[in-house]
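The next block holds one structure in the form of structure tokens; read it before the comments.
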Amino acid sequence: MASASSSSVVTRFAPSPTGFLHIGGARTALFNWLFARHHGGKFLLRIEDTDKARSTKGAIDAILDGMHWLGLDWDGHEYYQSQFWARHADIARRLVERGAAYRCFMTQEELAAERAEAAAERRPFRIASPWRDCAPGTPTPDAPFVIRLKAPHDGETIIDDRVQGRVTVQNAELDDFILLRSDGTPTYMLAVVVDDHDMGVTHVIRGDDHLNNAFRQQAIIRAMEWPEPVYAHVPLIHGPDGAKLSKRHGALGVDAYRDELGLLPEAVSNYLLRLGWGHGDDEIIAREQAIEWFDLDHVGKSPSRFDFKKLENLNGHYLREADDARLADLIAPRLGISDAQKTLLARAMPELKARAHTLNELADGARFFFADRPLKCDEASAALLTPEARALLAAAHGRLGALAEWDAASLEAAIREVAEGSGVKLGKLAQPLRAALTGRTTSPGIFDVLALLGREESLARIADQMVEPKE
RNA sequence: GGCCCCAUCGUCUAGCGGUCCAGGACGUCGCCCUUUCACGGCGAAAACACGGGUUCGAUUCCCGUUGGGGUCACCA
């Protein structure tokens, strides 16, 4: 285990591998990562596979993959909580020895009865185990038992949370929760405290849903007389409707943000950073800048809603900033094109990426370059190909065929000439030309399209549309 | 329901007693640019939940109401 250096910051991200790395977890990871990097400390990764039945290899891979994609590298190897069960059990025993915990032999039936009684009297259920205060040496049944924390009944517990502020709870609210299950495995509550301590974690930055757990965990920490970490409970992310983030919203794995929504990691990362944290009026914040600026003081206290529109807008920004060859590589699989075609794609990228917000849109906009002749025109573009338009295309074809230089500037001059010569505005020729060349009504600038497509392909596509198809 | 937390434009947020008839961004709506669509530029509408205090003065501090969220397992 990492040695606990007293002065430097150690954070951790501790996902449970029961699904994918969801967006809330990704933000928690990002905050932990940024905080550690900002302070020149360490960022550790611990897989909380305490619940063996629900933990899967696939889920673990998905988490690691998501972290890599977002550029969140952790220091050292990843930890697996299940490897430390012996240590957890040992701490549980020591807690019993210290009189801070006890073996509870209550059966499920006895527990259920207590619960039912509480429900009948309409009072909150809080376990009252007869085993809590039995004298040492009391004979114990030869039966399964759990180890419960002897939670304090009096006084109050205070957590000075770096995000939520000072939070106080009456100790009477705390119950004797289970530390060690009857099968000898630790519960999350015990494991998290022991591991955080052993890993030297100084700052626990996690979702707000753990705030209530912090009080219980603190009870264990105090019983062991361990140093208390600094807590920072970050508000949760909600769906657009304010309700808990569901599958329908954005509770997708980060892999879906990449593969299905076609987003760039830098965009997702920037968006997540600004969700719940702010730095004045700054919106576009690069990674290095984020490391320099990030702090816990400016993390908001209220939950925020997920806004896909803003994420998309941000993605559009990063798309325009991205390297052309990289983008070509990213969408080539979606287009199913050859390496040779990828070269053309990269050359077209400056024009293409200006009008896309996602990789999906980017691929859609690029598709016409690689379509087979004769092009299938969509409805709107087909409507443009009137007899008059076809005649203009024929005129353009003649002029273009005689062109010496096939570059955007020469092409523009030639096309403008044809339009003028025919007594029509440029648009009257440009739109049918677009239809013939791309099969669509929207595309990059038509002169760029001609230049990119090349003389042969361009002339062939125009020729295809010069006469109305039979049938 | 008990306990805990939260509350500025539709959304993300700036604001840490006067500089705020509240600033930025996304979204929306105009206009410009223009061969289309984008990009870009300019502009508009749009918020301090409500009620009490404290104060010379509250978006900022305190209390309550309302609304929202979290949590109450041998899950994590």
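From a predicted model like this one, the values you see are computed outputs, not experimental measurements. By convention in this document, chain letters (A, B, ...) are assigned in the order of the sequence lines, proteins followed by strands, and residues within each chain are numbered from 1.
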Gap between atoms [atom1] and [atom2], on [X] and [N] respectively (whole Å):
X        : N     : atom1 : atom2 : value
A/Glu109 : B/C74 : CD    : C1'   : 13 Å
A/Asp378 : B/C37 : CG    : C1'   : 13 Å
A/Glu417 : B/U35 : CD    : C1'   : 17 Å
A/Ile446 : B/A38 : CD1   : P     : 16 Å
A/Leu179 : B/C74 : CG    : P     : 12 Å
A/Arg123 : B/C72 : CZ    : P     : 20 Å
A/Phe447 : B/U36 : CZ    : C1'   : 11 Å
A/Arg12  : B/A76 : CZ    : P     : 14 Å

For the pair [X] and [Y], find out whether any cationic side-chain nitrogen is under 4.0 Å from an anionic carboxylate oxygen.
X        : Y        : result
A/Asp208 : A/Lys301 : no
A/Arg355 : A/Glu361 : no
A/Asp196 : A/Arg46  : yes
A/Glu457 : A/Arg461 : yes
A/Arg367 : A/Asp364 : yes
A/Arg274 : A/Asp282 : no
A/Glu312 : A/Lys310 : no
A/Lys428 : A/Glu388 : no
A/Asp176 : A/Lys150 : no

With sugar-phosphate meaning primed atoms plus P, OP1 and OP2, does [X] contact a base, only sugar-phosphate, or nothing at under 4.0 Å between heavy atoms?
X        : answer
A/Leu236 : sugar-phosphate
A/Asp183 : nothing
A/Gln170 : nothing
A/Arg416 : sugar-phosphate

Tell me which nucleotide, if any, is Watson-Crick or G-U wobble paired with [N] when both distances must be under 3.5 Å.
N     : value
B/U19 : none
B/U60 : none
B/U71 : B/G2
B/G30 : B/C42
B/U65 : B/A49

Would you say A/Asn212 places a side-chain N or O within less than 4.0 Å of OP1 or OP2 belonging to B/C3?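 Result: no.
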
In whole Å, what separates the [atom1] atom of [N] from that of [M]?
N     : M     : atom1 : answer
B/G23 : B/G70 : P     : 33 Å
B/G24 : B/G67 : C1'   : 27 Å
B/C20 : B/U28 : C1'   : 25 Å
B/C39 : B/C32 : C1'   : 14 Å
B/C50 : B/U8  : P     : 11 Å

Does NZ or CZ of A/Arg27 come closer than 6.0 Å to the centre of the six-membered ring of A/Phe31, within 45° of the ring's axis?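 Yes, a cation-pi geometry holds between A/Arg27 and A/Phe31.
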
Over all atoms of both residues, closest heavy-atom pair of A/Leu319 and A/Ala356: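 Here A/Leu319 and A/Ala356 meet closest at CD2-O, 3.5 Å.
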
Distance-only donor-acceptor test, A/Ser443 side-chain atoms vs B/C37 base atoms, 3.5 Å: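 Per atom types, no contact qualifies.
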
Any chance you could list the contact pattern along nucleotides 5-16 of chain B? Use B for base contacts, S for sugar-phosphate-only contacts and - for none, protein heavy atoms under 4.0 Å, 5' to 3'. SSS---SBSS--

Can you sort out which residues in residues 345-371 of chain A have a heavy atom within less than 4.0 Å of RNA chain B? Ascending by number, please.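 Close to the strand are A/Ala354, A/Arg355, A/His357.
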
For A/Asp448 and A/Ala14, find the nucleotide of RNA chain B closest to each by heavy atoms; which residue's nucleotide sits nearer the 5' end?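 The 5'-side residue here is A/Asp448.
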
